[in-house]
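Some notes on the structure that comes next.
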2 protein chains.
Amino acid sequence: MRSDPGVEKSLQELERRSAEAGQPVTVQRRAALRALVRHLDHPTAEAIYADVVAELPGVSKATVYRALDNLVELGLARKVHHQDSVTRYDGNSERHHHLVCRGCGRIEDIASDALDALPVPELGRNGFEVHDVFITFQGICRDCRRASRARRRSK
Amino acid sequence: MRSDPGVEKSLQELERRSAEAGQPVTVQRRAALRALVRHLDHPTAEAIYADVVAELPGVSKATVYRALDNLVELGLARKVHHQDSVTRYDGNSERHHHLVCRGCGRIEDIASDALDALPVPELGRNGFEVHDVFITFQGICRDCRRASRARRRSK
DNA sequence: CTCCGTGCAAAAGGTTTGCACTGGT
DNA sequence: ACCAGTGCAAACCTTTTGCACGGAG
């Protein structure tokens with residue numbers, strides 16, 4: 001893997017936002033961010049830990065969890081939740097939405113102007129102040145559809 | 001609490017779908033469903049357990065979890081996930097979406113034709129078959145906004 | 001010197017599972 | 001009667017926390 005310009009940009013953002021928030025930028029946090037943006041597949045904390053520990057033998061799992069919290073706090077990552085009980089992280093800070101496969105739990109990104117133009121309904125009526133919108137399409141990915149078809153046939 | 005017709009209808013559905021699926025309808029499952037539909041606030045498994053155990057002293061927590069799984073499997077309930085680490089359940093089978101408060105984690109239902117008319121983007125291109133769409137508005141509910149304002153003032 | 005992040009290990013939930021027993025159909 | 005659901009307790013897994021240590025300002 002060559003030094004991806006996206007990674008560089010993310011690291012600069014980390015630098016900038018941490019300074020702004022008065023928080024130190026440690027090697028562990030840098031490594032966590034690098035591991036996160038390298039993944040396009042919404043990794044679990046475990047997966048990121050695996051990457052970080054490969055780069056920084058001896059890091060503790062707690063530190064990775066704390067680093068991820070820190071990234072979320074700085075707005076460089078987002079937590080993603082679905083039926084899996086594990087939390088996944090998303091290093092994509094562009095506005096986008098998700099496609100979740102019921103079969104394998106895989107999450108794919110999806111961007112769409114139409115979705116972004118979603119009308120925010122008459123909120124405020126109940127005093128609710130909307131900050132963000134998350135749209136999740138649930139379905140079956142190609143691989144899982146194939147697999148379930150094969151399973152059905154063999155039954 | 002009088003016998004809500006909605007509860008009756010749900011119980012009949014439970015009967016019908018269980019028979020169809022060849023699954024027995026136990027008192028525990030009936031109680032779990034009743035507890036679920038009584039809640040309009042997306043209860044946790046814990047909350048449902050509390051209700052069920054009040055009605056059926058001696059039920060085990062495992063049974064309630066299994067009953068909830070069963071209801072989800074039968075399509076009578078849905079799991080709802082957000083930043084809280086706990087899974088919440090939704091007994092509302094109408095098409096609707098959610099308003100999640102960042103502060104207290106409370107989930108409110110929201111229905112809107114505009115949201116239902118959401119265009120499904122060019123899926124299929126990647127072989128993804130969409131079954132469902134979930135829209136979540138995240139923000140701050142009135143109570144939490146008030147609370148945070150008060151906190152800020154007292155600092 | 002002081003503060004804060006780290007590592008380690010243990011705790012803390014929430015959820016699942018193995019096994020013997022009981023209850024639905 | 002049979003099979004599946006239940007109760008109980010232990011296991012599991014992910015995430016959090018307490019505490020001592022160590023590096024940076």
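The analysis underlying the following values was restricted to heavy atoms, covering all of them including side chains, and did not include hydrogens, waters or symmetry mates. Throughout, protein chains are lettered first and strands after them, A, B, ... in sequence-line order, and every chain is numbered starting at 1.
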Euclidean distance, atom CD of residue B:Glu55 to atom P of D:dT6 [Å, nearest integer]: 14 Å
Check: A:Gly105 main-chain N/O paired with A:His82 side-chain donor or acceptor under 3.5 Å: yes
With respect to the side chain of B:Pro24, which nucleotide from D:dG7, C:dG24, D:dT14 is positioned closest? C:dG24
Specify the separation, in whole Å, of atom CZ of B:Arg29 and atom P of D:dG7. 11 Å
Could you tell me whether A:Arg16 and A:Glu13 have a side-chain N and a carboxylate O separated by less than 4.0 Å? yes
Between atom CD1 in A:Ile48 and atom P in D:dT14, what is the gap in whole Å? 14 Å
Where the side chain of A:Ala62 is concerned, which of D:dT15, C:dG5, C:dC8 is the nearest nucleotide? C:dC8
Between C1' on C:dG24 and CG on B:Leu14, what's the gap in Å once rounded to a whole number? 13 Å
Out of D:dA9, C:dT6, C:dT15, which has the shortest distance to the side chain of A:Arg66? C:dT6
With DNA chain C as reference, determine whether B:Glu15 or B:Asp69 sits nearer its 5' end, using the nearest nucleotide of each. B:Asp69
Between B:Arg106 (side chain) and B:His42 (backbone), is there a donor-acceptor pair under 3.5 Å? no
From CG of B:Leu68 across to C1' of D:dG5 the rounded distance in Å is 15 Å
So, is A:Thr26 near the phosphate of C:dG5, with a side-chain N or O under 4.0 Å from OP1 or OP2? no
N/O (side chain, A:Thr87) to phosphate O (OP1/OP2, D:dT15) under 4.0 Å: yes
Identify which nucleotide among C:dT6, C:dT15, D:dG5 has an atom closest to any side-chain atom of B:Ala45, counting heavy atoms from C-beta outward. C:dT15
With a non-hydrogen cut-off below 4.0 angstrom, is A:Val59 in contact with a base, only sugar-phosphate, or nothing? sugar-phosphate
Taking for each residue the nucleotide of DNA chain C bearing the nearest heavy atom, is the 5' side occupied by B:Lys61 or by B:Gln23? B:Lys61
Under 4.0 Å between a side-chain N/O of B:Gln28 and OP1 or OP2 of D:dG7, yes or no? yes
Rounded distance (Å) that lies between atom P of C:dT15 and atom CG of B:Asn70: 17 Å
Measure the distance from CD on B:Gln83 to C1' on D:dT15 and round it to the nearest whole Å. 15 Å
So, OP1 or OP2 of D:dT16: does either fall under 4.0 Å of a side-chain N or O from A:Tyr65? no
Measure the distance from CD on A:Glu46 to C1' on D:dC12 and round it to the nearest whole Å. 13 Å
Looking at B:Arg95 and B:Asp109, is any side-chain nitrogen of the basic one under 4.0 Å from a carboxylate oxygen of the acidic one? no
Do the charged groups of B:Arg146 and B:Asp143 touch, with an N to O distance under 4.0 Å? yes
